[in-house]
Amino acid sequence: MTAFRKMLAAWHALAARVRYRLDNFFTRGVTAQFTILFVLMLGLILSGTIGLWLGLYDSQNKDVSSVGHKMGEGFWDAVWWSTMHIFDPSYVSQDYGATTAIIILGLVISMLGLVLFGGVIGLVSAGVERKLDELSAGNRPVVESGHLLILGWNTKIFSVLDLFEGYHKQVNVVILANHPIAEMLAMLRLGRSLSKRIKPVVRSGSPTQLAELERVAFRHAYSIIV
């Protein structure tokens, strides 16, 4: 009994250590998460090859439409059978008539494949949402040169932008103010009488911090209005 308890404790310690490593790996970002899903997907595909030992190519399964025979009825045929169950869950319907072990194996692989695909879709959706949030937050650096840089925010900014609407050449305007991006864009849309030529690039941040000024390329601006 003592030996069993020691073995159980060692198993729990190993599981906790593996879970800890996986948690740390997942926090490294989307690349790490996709890597784990890819490894799990590959492992699931390879696990389907145990069908070779469960009688995938026995005479009872000879006429089953899901069982391929073009690669010598060996490992690669089993890999193809497993892969099709993962990428096309409806493929399990073609196991009709197969032995019980093969039907159960196909169902398990298809169900686990749906779970992994759900994880991939979730990661893609979260990545797109995160990227949209980053863009709307205005955290990306400005790649401009010779632009007009406006630091700060008050009601005079509307008349300044309207003044440059009648300028004889295109003016690139960048605004850095300590307000949310969505709020500034809404005020620009409502407060300007003209908005045909000047489409300012808006960034949220403190105009008194050098790092924020570097983000709006203040060294390359031809004019700065405070």
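Note that the structure is predicted; figures quoted are calculated from it, not measured.
A single hydrophobic cluster is not seen to contain both Phe38 and Leu46; linkage of ILVMFWY side chains at heavy-atom distances under 4.5 Å, directly or through other members, places them apart. One hydrophobic cluster holds both Trp81 and Trp53 under the rule that ILVMFWY side chains link at heavy-atom gaps under 4.5 Å. Two different hydrophobic clusters hold Leu112 and Leu114 under the rule that ILVMFWY side chains link at heavy-atom gaps under 4.5 Å. A continuous path of hydrophobic side-chain contacts links Leu44 to Ile50 [ILVMFWY only; heavy atoms under 4.5 Å]. By the criterion of side-chain heavy atoms lying less than 4.5 angstrom apart, applied directly or through intervening Ile, Leu, Val, Met, Phe, Trp or Tyr residues, Leu42 is grouped together with Trp76 in one hydrophobic cluster.
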Practice item. Carefully, step by step, assess Val160 and Ile225 under the rule side-chain contact (heavy atoms from CB on, under 4.5 Å). Key: CA-CA 10 Å; Val160 171; Ile225 298 176; 4.0 Å; yes
**Study point:** Derivation of the side-chain contact (heavy atoms from CB on, under 4.5 Å) call for Leu213 and Leu151
**Key:** CA-CA 9 Å; Leu213 293 174; Leu151 302 178; 3.8 Å; yes
Practice item. Apply side-chain contact (heavy atoms from CB on, under 4.5 Å) to the pair Ile109 and Leu105, showing each step before the final yes or no. Key: CA-CA 6 Å; Ile109 293 175; Leu105 179 61; 3.9 Å; yes
Point to revise | Worked verdict on Val174 versus Ile150 for side-chain contact (heavy atoms from CB on, under 4.5 Å) | key: CA-CA 6 Å; Val174 178; Ile150 300 177; over 6 Å; no
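Atom-to-atom distance recorded for Thr49:OG1 and Asp77:CG is 12.0 Å, nearest 0.5 angstrom. From Asp95, atom CG reaches atom CG of Leu107 across 7.5 Å, with rounding to the nearest 0.5 Å. Here CG of Leu116 is found 9.5 Å from CD1 of Ile45. Values are rounded to the nearest 0.5 Å. In this structure, Leu210 CG and Phe218 CZ are separated by 5.5 Å, a value rounded to the nearest 0.5 Å. With rounding to the nearest 0.5 angstrom, the OG atom of Ser110 is 11.0 Å from the CZ atom of Phe117. Once rounded to the nearest 0.5 Å, the distance linking NE2 of His220 with NE2 of His147 reads 8.5 Å.
Between the His85 side chain and the Met111 main chain, no donor and acceptor come within less than 3.5 Å of each other. No donor-acceptor pair closer than 3.5 Å links the side chain of Ser82 to the backbone N or O of Val79.
For Glu214, the salt bridge (Lys or Arg N to Asp or Glu O under 4.0 Å) partners are Arg219, not counting sequence neighbours.
Taking both residues in full, the closest heavy atoms of Ala177 and Pro207 are given as CA-CG, 4.5 Å, listed atom of the first, atom of the second, then distance. Residues Trp153 and Met187 approach most closely at NE1-CE, 3.5 Å, considering heavy atoms.
Ile175 has its side chain out of reach of Arg203: every pair of non-hydrogen atoms, C-beta onward, lies at least 4.5 Å apart. Two residues are said to be in side-chain contact when any heavy atoms from C-beta on lie closer than 4.5 Å; Val201 and Val173 fail this criterion.
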